Amino acid sequence: MLSSLPVTVIPPEKLVILDRDGVINYDSDAYIKSLAEWIPYPSAISAMARLTQAGFTVAVATNQSGIARGYYDESTLDAMHERLNALVNAEGGEVAHIAYCPHGPDDQCDCRKPLPGLLTEIQQKLKLSSLQGSWMVGDSLRDLQAGEAVGCRSVLVKTGKGEKTLAKGAGLEHALIYADLAAFVDDLIAELLD
Ligand SMILES: O=P(O)(O)OC[C@@H](O)[C@H]1O[C@@H](OP(=O)(O)O)[C@@H](O)[C@@H](O)[C@@H]1O
Ligand SMILES: [Mg+2]
Ligand SMILES: [Zn+2]
């Protein structure tokens, strides 16, 4: 008799999807074009490890139109993500999947946030039946819009473009607001968020 392989089922509320630029690492209006320009917030790396250790699954959903614009290539992006994984692993954490959109605004893809294609990619990779109640953490409105399109709960951080996003105000009715990723993770792990 075939024994069925154990499939770890992740409860959607234990999944935290992170935007990258401005949440995990410093962002730039000139794009993050090289490994040298990819500078993580130390507290964000630690926060990602703390999430893993607290039983959460961490994934990343990032627009990378700089590829379509010719500012850098996918091998450079891969090097940034190898560095991200290594830093999080070194602190005892894990990144379950990094989904990125390499397209430009005019490419009519279905994965560029605010469209939810990156999140459904994560859902499929992690074999989740739903993202209802999962967390989406971003610094731009389009991050939160992508998450809310598939039932995620929204968290806006004030790092990166977050202050500007907050100042615009629109579309944040359902968002929790935090200074940075670490502050949100503190509350989430302490089970202060119902
Ligand atoms: O925040 P995530 O999604 O991880 O990545 C954002 C980056 O891909 C870049 O997205 C660009 O937006 P356009 O793609 O040009 O609209 C600009 O906002 C850049 O400053 C930013 O570095
Ligand atoms: Mg961002
Ligand atoms: Zn795309």
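A quick note: this is a predicted structure, and the numbers were derived from the prediction, not measured. Position 1 is the first residue of the sequence; numbering continues from there. Order of appearance sets the numbers: ligands from 1, and atoms from 1 within every ligand.
With respect to atom 19 (C) of ligand 1, the closest heavy atom belonging to the protein is S28 O, 3.6 Å. Distance from atom 16 (O) of ligand 1 to its nearest protein heavy atom, with residue and atom name: R112 NH2, 2.6 Å. When hydrogens are left out, the protein atom nearest atom 7 (C) of ligand 1 is D21 OD2, 3.3 Å; that is the closest non-hydrogen contact.
Computed with the Zn ion (ligand 3) at the centre, the C101 SG to C109 SG angle is 110°, stated to 10 degrees. Remark: at the Mg ion (ligand 2), atom O from D21 and atom OD1 from D139 enclose 100°, rounded to the nearest 10 degrees.
Between E91 and S46 there is a side-chain heavy-atom pair separated by less than 4.5 Å. Considering only heavy atoms from C-beta on, L87 comes within 4.5 Å of R83 through its side chain.
With ligand atoms numbered from 1 in the order given, ligand 1 contributes 13 (P), 15 (O) to contacts under 4.0 Å with heavy atoms of R69. Residue contact check: S65 has heavy atoms under 4.0 Å from atoms 13 (P), 14 (O), 15 (O) of ligand 1. Contact atoms of ligand 1 toward R20: 4 (O) (distance under 4.0 Å to a heavy atom of the residue). Atoms of ligand 1 lying under 4.0 Å from any heavy atom of D19, numbered from 1 in the order shown and given with element: 1 (O), 2 (P), 3 (O), 4 (O). Close approach of ligand 1 to T62 is summarised as follows: ligand atoms under 4.0 Å from at least one heavy atom of the residue are 2 (P), 3 (O), 4 (O), 5 (O).
Of the listed residues (I98, V137, I17), just one forms a side chain to side chain contact (heavy atoms under 4.5 Å, CB included) with V60, and that residue is I98. Here the options are L77, I67, D107, the test is side chain to side chain contact (heavy atoms under 4.5 Å, CB included), and the partner is P102; only I67 passes.
Heavy-atom minimum distance, E121 versus A99: OE2-CB, 3.5 Å. Closest non-hydrogen pair, S154 versus E148, comes out as OG-OE2, 2.5 Å.
Side-chain atoms of T52 and E94 form no donor-acceptor pair, as typed in the model, at a separation below 3.5 Å. A donor-acceptor pair shorter than 3.5 Å can be found between the side chains of D73 and T76.
Counting heavy atoms under 4.0 Å from ligand 1, residue R142 touches it through the side chain alone. Contacts between D27 and ligand 1, counted as non-hydrogen atom pairs separated by less than 4.0 Å, involve the side chain only. Contact annotation for S140 and ligand 1: no heavy atom of the residue comes within less than 4.0 Å of the ligand.
Residue N63 has at least one nitrogen or oxygen atom sitting less than 3.5 Å from a nitrogen or oxygen atom of ligand 1, judged on distance alone.
Salt bridge status for K161 with D29: present, with a side-chain N to carboxylate O gap under 4.0 Å. A salt bridge links D186 with R50: at least one charged nitrogen is closer than 4.0 Å to a carboxylate oxygen.
Closest to the Zn ion (ligand 3) among the N, O or S atoms of H103 is ND1.
Ligand 1 is never approached by P105 to a heavy-atom distance shorter than 4.0 Å.
Between Y31 and Y71, the angle of the ring planes goes over 60°, which puts this pair in the perpendicular group of the 30/60° scheme.
Backbone or side-chain N, O or S atoms of D19 reach the Mg ion (ligand 2) at under 2.8 Å.
Nearest-residue assignment for atom 9 (C) of ligand 1 (options Y71, Y31, Y100; heavy-atom criterion): Y31.
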